[in-house]
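Note sheet for the following structure.
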Amino acid sequence: MSKNPNGHEIISLFETMYPKAFAMEGDPIGLHIGALNRPVTNVLIALDVTEEVVDEAIEKQAGLIIAHHPLVYRPLKTIHTDTAYGRIIEKCIKHDIAVYAAHTNVDIASGGVNDLLAEALGLVQTEVLVPTYEENLKKLVVFVPVSHRESVQQALGDSGAGHIGNYSSCTFNVEGTGTFLPLEGTKPYTGTAGKLEHVEEVRIETIFPASLQRKVVRAMLAAHPYEEVAYDIYPLENKGNVLGLGKIGYLPEAMTLEQFAGYVKERLDVPAVRVVGTLQDTVEKVAVVGGDGNKYIKQAKFKGADVYVTGDLYYHVAHDAMMLGLHVVDPGHNVEKIMKAGVQKQLQQKATEKKLAVTVHASTINTEPFTFI
Ligand SMILES: [Zn+2]
């Protein structure tokens with residue numbers, strides 16, 4: 001049986017893929033308008049929240065818009081409903097539409113904007129261009145009666161614990177004897193109140209990213225038969241996955257800068273690109289940052305990129321790139337539109353797995369402000 005979720009349930013599912021903790025400091029992510037406690041049957045994934053996008057949400061009966069670019073970027077002093085901006089807010093409130101922003105967390109998380117762009121460009125052997133976040137790891141040790149060893153191991157693995165490199169569900173187990181004295185008023189799973197019990201138990205230990213702690217502990221407790229579960233959580237010095245802005249990797253085969261410019265137009269579905277560098281030069285190693293990547297040209301050069309793909313390139317930064325000997329292809333900021341279909345697919349899949357009766361739509365509104373003539 002599928003169930004009708006509310007906004008909170010959808011957002012908590014979304015945040016398992018795009019945790020808020022991944023966002024850059026000061027990025028105004030999260031709920032911007034409305035409330036999440038209402039039932040939601042349709043969700044709209046958008047790059048920007050324009051009035052047309054809100055109209056699309058009304059038409060699709062979407063109670064929640066998840067947008068990449070935050071609607072309220074600077075503090076508002078007034079909300080005048082005779083301006084386009086005020087009307088956006090007015091329409092959302094009148095139609096019970098919540099607006100939630102997921103910005104740099106969607107740039108940084110795996111499967112997000114930069115992964116989608118690297119994938120669209122067919123890059124291989126990719127790595128993070130600008131590291132911004134290193135996962136903290138923790139260790140969970142739990143004592144389980146032998147009879148429940150497998151169900152607890154399974155629950156831990158399903159919750160995402162025990163992920164090491166390309167291996168999942170890693171645990172270490174050692175058997176021993178647990179003792180306990182059930183006090184008066186207890187309902188012990190085994191033994192009787194007032195008598196010291198000896199039980200064959202397994203000590204299961206596993207590792208997990210700190211961001212998953214609540215999920216892992218909840219799953220472990222649900223699978224464990226005891227009334228009072230004995231478990232320890234240790235902080236670790238080991239670091240987990242490195243995440244960050246942008247990707248760098250190799251094209252399947254080298255090509256000229258001119259060919260690459262055409263390739264970018266086609267792969268990222270843009271009508272035009274701006275190119276910095278000699279068109280006949282050969283390029284193979286590519287760095288990509290979705291949106292405005294002006295700040296990171298040095299990192300692209302330092303990591304050995306032949307060409308850097310990013311939007312909103314400033315005139316003076318283009319000169320800096322030339323001086324560094326770095327080629328640049330600027331396909332515009334709007335290539336981030338790639339997140340609409342990417343996130344739609346991921347969220348729909350998660351919701352279906354969880355049997356939530358919700359349809360996730362990718363916005364079909366083109367929010368590119370520029371016309372290329
Ligand atoms: Zn952007």
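For ligands, and for the atoms within them, numbers begin at 1 and follow the listed sequence. Only this structure's heavy atoms are used, side chains among them; waters, hydrogens and symmetry mates stay out.
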By side-chain contact (heavy atoms from CB on, under 4.5 Å), which residues pair with Phe172, not counting sequence neighbours?
-> Val174, Glu205

Could you tell me how the ring of Tyr226 sits relative to the ring of Tyr189: parallel (under 30°), tilted (30 to 60°) or perpendicular (over 60°)?
-> tilted

Please name the atom of His333, restricted to N, O or S, that is closest to the Zn ion (ligand 1).
-> NE2

For the Zn ion (ligand 1), what is the closest N, O or S atom on Glu336?
-> OE1

Lys91 side chain reached by Glu51 side chain, heavy atoms, under 4.5 Å | yes

Is the distance from the Zn ion (ligand 1) to the nearest N/O/S atom of His69 under 2.8 Å?
-> yes

Short check: any N/O/S atom of His103 below 2.8 Å from the Zn ion (ligand 1)?
-> no

Is Glu227 paired with Lys187 through a side-chain N to carboxylate O contact shorter than 4.0 Å?
-> no

